[in-house]
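Just so you know, residue 1 is the first one in the sequence shown, and it goes up from there. Only this structure's heavy atoms are used, side chains among them; waters, hydrogens and symmetry mates stay out.
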Amino acid sequence: MRLVLLGPPGAGKGTQAVRLAEHFSCPAVATGDIFRSHVANGTPLGRLAQEYLDLGDLVPDEVVIEMVMERLSASDCDNGFVLDGFPRTVTQAQALDAKLAAAQVPLDAALFFEIREDELFRRLAGRSATLHRSDDTEQTIRHRLEVFAIKTRPLIDYYERLGLLLRVDAIGEIDDVTKRILEGLDQRST
Ligand code: ADP
C-alpha cells in the first residue's frame, strides 16, 4: 500500500501513519521526524533544516525531495510506505509522481485529514505542553497553519484530479479515525 497523508499540523497524521504502516506491514516515513533527528544529531542536514523548523517554514523543496527520494529507494519501501508530511508542495508531489511512474508503481491514495481550527489549537497546545517541540508555540502554530493553507492546500485539488483523494474526518477517537480510514480504503478498492 502506498499512501500519502495530507492535513494541517495537529490533525493526527503522525499517529495514524504509524497505525496504518503496522496494518499494511510497511514503513511510516515522517519527514518532520527525520528532520528532528538530524537536528538532534547535529548533522549538516540538521544544521540546514533547523532554522526552517524553528520558524515553522518549509525546508526548501530540493532538500526535502532528495532526502525523501533516497528514503523511498530503500528496500523496505518496495512493498509500500505511508508518507507523513510529504508532499507538502506541488513541486514535491510532482517529484513523487515522477519517481513512482519511473518505478511503475502507483500511489493508492492521498488521505486528507479534515479538522476544524479550534480543535487543532486545542490539540497543539496539549502537545506543546507534553512533548516540548520547539515549533509548537502559538505564534509558530499560526504560521504553520498559514503555510499549510498556502503551500499544501493546493495538493487537495491535485490529488482529487488524479482520483486519489480520500477525505477523512479526523475528529474523534484515534481508533475510530483508523477505522474510518481502513473502511474508506476498502471502498475505494472495490
Ligand atoms: P506538523 O505536521 O505538525 O507541522 P511535521 O513534524 O510534519 O509537523 O514537520 C515539522 C517541520 O518539518 C515543518 O514545519 C517543516 O519545517 C519541516 N518539514 C517536514 N516535512 C516537510 C516537507 N515535506 N517539506 C518542507 N518542510 C518539511
What I want to find out is whether Arg167 reaches Glu160 closely enough, with some N-O distance under 4.0 Å, to be called a salt bridge. yes
Would the distance check show the side chain of Asn41 and the main-chain N or O of Thr43 forming a donor-acceptor pair, the cut-off being under 3.5 Å? no
Validation row: Arg153, Tyr158 side chains within 4.5 angstrom (heavy atoms): no
Do Leu162 and Leu6 land in one hydrophobic cluster if side-chain heavy atoms of ILVMFWY residues count as linked below 4.5 Å? yes
Linking I/L/V/M/F/W/Y whenever their side-chain heavy atoms sit closer than 4.5 Å, directly or via other members, would Val82 and Val177 fall into one cluster? yes
Near Lys99 NZ, under 6.0 Å, is it more than 12 heavy atoms from other residues, nucleotides or ligands? yes
Supply the atom-to-atom distance Arg180 CZ to Ile171 CD1, rounded to the nearest 0.5 angstrom. 8.5 Å
Are Leu58 and Val4 joined in one hydrophobic group, where the rule is that I, L, V, M, F, W and Y side chains link up if heavy atoms are under 4.5 Å apart? no
Give a yes or no on this: more than 12 heavy atoms of other residues, nucleotides or ligands lie within 6.0 Å of atom CG of Asn79. no
If you measure from the Lys or Arg side-chain nitrogens to the Asp or Glu carboxylate oxygens, is any gap between Arg144 and Asp57 under 4.0 Å? no
Grab the two heavy atoms, one from Ala11 and one from Phe113, that are nearest each other, plus how far apart they are. O-CD2, 3.6 Å
Check whether more than 12 heavy atoms from other residues, nucleotides or ligands sit under 6.0 Å from atom CD of Glu66, and answer yes or no. no
Answer yes or no: is there a donor N or O on one side and an acceptor on the other, between the side chain of Lys13 and the main chain of Pro8, under 3.5 Å? yes
Does Gln92 offer a backbone N or O that forms a donor-acceptor pair with the side chain of Asp61 under 3.5 Å? no
Is there a path of hydrophobic side-chain contacts, each under 4.5 Å between heavy atoms of I, L, V, M, F, W or Y residues, that connects Leu165 with Phe86? yes
Heavy-atom pair of closest approach, residues Leu145 and Leu120: CD2-CD1, 3.5 Å
Compare every heavy atom of Tyr159 with every heavy atom of Leu96, then report the nearest pair and how far apart it is. CD2-OH, 4.2 Å
How about Arg19 and Thr178: does a side-chain donor come under 3.5 Å of a side-chain acceptor? yes
I'd like to know if the side chain of Asp176 and the backbone of Gly172 have a donor-acceptor N/O pair within less than 3.5 Å. no
Any side-chain to backbone donor/acceptor pair from Arg47 onto His38? Under 3.5 Å, distance only. no
Electrostatic pair Arg142-Glu138, nearest N-O below 4.0 angstrom: yes
List the steps, then state whether side-chain contact (heavy atoms from CB on, under 4.5 Å) holds for Met67 with Phe35. CA-CA 10 Å; Met67 180 182 87; Phe35 283 130; 3.6 Å; yes
Using a 4.5 Å cut-off on heavy atoms from C-beta on, say whether the side chain of Arg88 contacts that of Val64. no
Which pair of non-hydrogen atoms, one from Leu83 and one from Leu72, has the smallest distance, and what is that distance? CD1-CD1, 4.3 Å
Work out which heavy atom in Val59 is nearest to a heavy atom in Ala49; give both atom names and the distance. CG2-CB, 4.2 Å
State, to 0.1 Å, how close Arg123 and Gly12 come at their nearest heavy-atom pair, and which atoms those are. NH1-N, 3.9 Å
Check whether Thr31 reaches the backbone of Gly85 with its side chain - one donor and one acceptor, N or O, closer than 3.5 Å. yes
Residue Glu119 excluded, over 12 heavy atoms near CD under 6.0 Å: yes
Would you say Gln139's side chain and Leu55's backbone share a donor-acceptor pair under 3.5 angstrom? no
Just by distance, do the side chain of Gln50 and the backbone of Gly46 share a donor-acceptor pair under 3.5 Å? no
Test of understanding: clusters of I, L, V, M, F, W, Y form through side-chain heavy atoms closer than 4.5 Å, transitively. Do Val168 and Phe24 belong to the same one? yes
